[in-house]
2 protein chains.
Amino acid sequence: MKFEPVKITDIAKALGLSSATVSRAFRDSHEISEKTKKKVMDYARSVNYRPNPVAQNLKDKRSRALGVVVAEIANSFYSQIIDGIESAAHAKGYHVIIAQSHELLEKEIDAVNYLASRSVDGILISLSGESEHIDHLTNLHDKGMPYVFFDRVTDQIDTFQITSDNFSGAKQATLHLLDQGFERVAFLGGTAHLSITRERLNGYLAAHGERNTGPDKNLIRFCPVGGLQYYEVETAMQQFMSAPTPPDALLACSDKLTTNIFRYCREQRIAIPQQLALIGFSNLDLTEYLEPPLSIIRQPAFEMGETAALMMIRLLEAPYPLNDFESKVLPPDCVLRRSSIRLV
Amino acid sequence: MKFEPVKITDIAKALGLSSATVSRAFRDSHEISEKTKKKVMDYARSVNYRPNPVAQNLKDKRSRALGVVVAEIANSFYSQIIDGIESAAHAKGYHVIIAQSHELLEKEIDAVNYLASRSVDGILISLSGESEHIDHLTNLHDKGMPYVFFDRVTDQIDTFQITSDNFSGAKQATLHLLDQGFERVAFLGGTAHLSITRERLNGYLAAHGERNTGPDKNLIRFCPVGGLQYYEVETAMQQFMSAPTPPDALLACSDKLTTNIFRYCREQRIAIPQQLALIGFSNLDLTEYLEPPLSIIRQPAFEMGETAALMMIRLLEAPYPLNDFESKVLPPDCVLRRSSIRLV
DNA sequence: GGCATCACCGGTAACGTTTGCGTAGATTTT
DNA sequence: AAAATCTACGCAAACGTTACCGGTGATGCC
């Protein structure tokens, strides 16, 4: 009981036409009479004809598939992004193929090649924590593969970018901490070379600059694998807290870090915010009902995904090669709760 | 600067061979000498040749693409499932195309047709809340589209199924509540006809039966859209709590319901567990650090996704048509915390 | 009435890969 | 030594669709 779909030649044969005519009738060509068009359309409907997309893809050398590379799918931020990408892409007649890097360069290379070999029309990517050098991307880009970067971007490839305002989000959060009188506000970020880490660090530094409170260098730490592994966070936090003068507040710079730091503090009975005030980037649900309610910087993930997909489609469907690439920056949302409030 | 991938004929021309020989060399055919094979492989590597999957797909009428339909991507349970599916599929050389039903029949029909028109080799699906009648699926199935059901399954189509033990999970949770002396244990489920709702309801009823405590019919309610819309949960909870004899404990039967019920209780200042004990199905992170710590029934989502993908691939790659379909049931994990503990 | 201009449609060659069949030459068999 | 069997490869036809280049009548024009 194998599925034998009806093809264009079947219709042609049944109607005494040529396949070329049927094809043109379908695409509503002006070279076909209304009468013939109607005949074709009616018959096609009656036999439930669907053009074979694979054959079409082979013909016009495009797949209407968008590749997406993220660190991990099972992450509230990225799953919301993917939701946005899928929604926009679907509406435009594209579908979405997902690959994960798990923050590893090797897996990112694999993912990108994998998508390329699947002949996606373009790749939407948020760089992995290990992707300092991106030859694997530039190679493909030079060969004509279109990219759109979101979240973790790079300037090494000139193309569309969509981020949230990491600088401002981090600065706002840091100012919030400083202005309450916290004196040792620490920073825990992902890999140092990632755009989000740099921008958020700059925001953190700018806030200190504005308040004339130079931050102690020991208060700034990074997690090479972005806190994907719990032990990373564990180590960093131990170093922070066992220092002679430990921090009294902390800015966490990614979903995973925020989650794991929160977990660490609770496990180690580090009182938030009494012993350590906490605010972090997070798109997790229910953070307001954690104990203590967690202050977060939330990014417009769905909208970022939507925008990224639309940018890519614009790039793909541009009649002429684009070279004026837009960098869109969306405002994050700073939600202050008890975890970052100084208790008197 | 258009991407011009090297094709098999290029290699053939460069090496003075025919395209057939090159193709066979690649597939490691015994008809080709080792010497020629090596020559071909070496040259192919040097020019970074990748077979064009679209052409291959057209040739052997398969796409090595798996379609996935879930209610929503941005949901911890489903995103973990997708993680599992993607990981297993990737390892087996398949890729994954995702579509969302948003719990709507119309969107599910759209999604399925969309995937079919994308010529996926098979569809992994968790039914939408509105999918009581599934003609749209049986139609396609009759035409030869393979299915694997996960999470929300149906017996209307005879094929592989992978679920978690909903009956036992719900029963365990209900017993836990009953045995602590809660006397009015309520049940809030998604659409009544969904398999997960039925099975969980049966577990709930079985627990009552085992303790000889017939549950009040007013203590059982359903949310047609599975709590995807907050107002649904709001309405159901209002009805529960404004009754003459409101429940003193509640079993929530999906991620979304659990989350929204928790939110509702906190907003309405319904004390958990003093006024209403709560336990629910959830795969959310950090539930242990909510206030109060939330008792949950956690499903092995990643493993479910992995299994579903492997089942599908087994189905697709079976040398002869299968008709002995496996139904795998994985054990859920019941984690008891303060939200469901009776305070004396 | 001859010629250009249409409207409408068909034949055919692609797109890149795989595969059945054919066939040289080399090797083995009787 | 002739016949049979292999080995190793090439030719060409598919897979389903679309684009290019035509061609056929019919109509319009001077």
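In what follows, chains are A, B, ... by sequence order, proteins preceding strands, each numbered from 1.
A/Gln161 places none of its side-chain heavy atoms less than 4.5 Å from the side chain of A/Val148.
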- Task: Dump the intermediate steps for salt bridge (Lys or Arg N to Asp or Glu O under 4.0 Å) on A/Lys37 and A/Asp28, then the final yes or no.
- Result: CA-CA 7 Å; A/Lys37 276 184 198 169; A/Asp28 204 27; 3.0 Å; yes
Assess the residue pair A/Thr154 and A/Leu127 against the criterion (side chain to side chain contact (heavy atoms under 4.5 Å, CB included)); give the C-alpha distance rounded to whole Å, side-chain angles, the decisive distance to 0.1 Å, and a yes or no.
CA-CA 8 Å; A/Thr154 175; A/Leu127 293 174; 3.9 Å; yes
For A/Ser101 and A/Leu104: C-alpha separation, side-chain torsions, deciding distance, then whether side chain to side chain contact (heavy atoms under 4.5 Å, CB included) applies. CA-CA 6 Å; A/Ser101 71; A/Leu104 302 177; 5.9 Å; no
Note to self: side chain to side chain contact (heavy atoms under 4.5 Å, CB included), that's the test. Do A/Glu72 and B/Asp83 meet it? Break it down for me.
What the structure shows: CA-CA 8 Å; A/Glu72 45 166 14; B/Asp83 184 7; 5.7 Å; no
**Q.** Chi angles and distances behind the salt bridge (Lys or Arg N to Asp or Glu O under 4.0 Å) call for A/Glu103, A/Arg152
**A.** CA-CA 11 Å; A/Glu103 301 285 12; A/Arg152 292 123 165 246; 2.8 Å; yes
With sugar-phosphate taken as primed atoms, P, OP1 and OP2 and all else as base, the protein-contact string of nucleotides 15-24 of chain D at under 4.0 Å (heavy atoms; B, S, -) is BBBBBB----
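Annotation: the terminal axes of the helix from C/dG1-D/dC30 to C/dT30-D/dA1 meet at 50°, where each axis is the rotation carrying the C1' atoms of four end pairs onto the next four (5 pairs per end, rounded to 10°).
First and last contacts of DNA chain C with chain B, using any nucleotide atom under 4.0 Å from a protein heavy atom and ordered 5' to 3', fall at C/dG16 to C/dG20.
In this structure, B/Phe160 has its ring center no closer than 6.0 Å to that of B/Phe150.
Annotation: A/Glu326, atom CD; neighbour count of heavy atoms from other residues, nucleotides and ligands within 6.0 Å is above 12.
Judged by distance alone, the side chain of B/Ser126 and the main-chain N or O of B/Asp151 form no donor-acceptor pair under 3.5 Å.
Salt-bridge formation is not detected for the pair B/Glu317/B/Lys92: no Lys NZ or Arg NE/NH1/NH2 atom is positioned less than 4.0 Å from an Asp or Glu carboxylate oxygen.
The shortest distance between the side-chain N/O atoms of B/Thr21 and the OP1/OP2 oxygens of D/dC9 is not below 4.0 Å.
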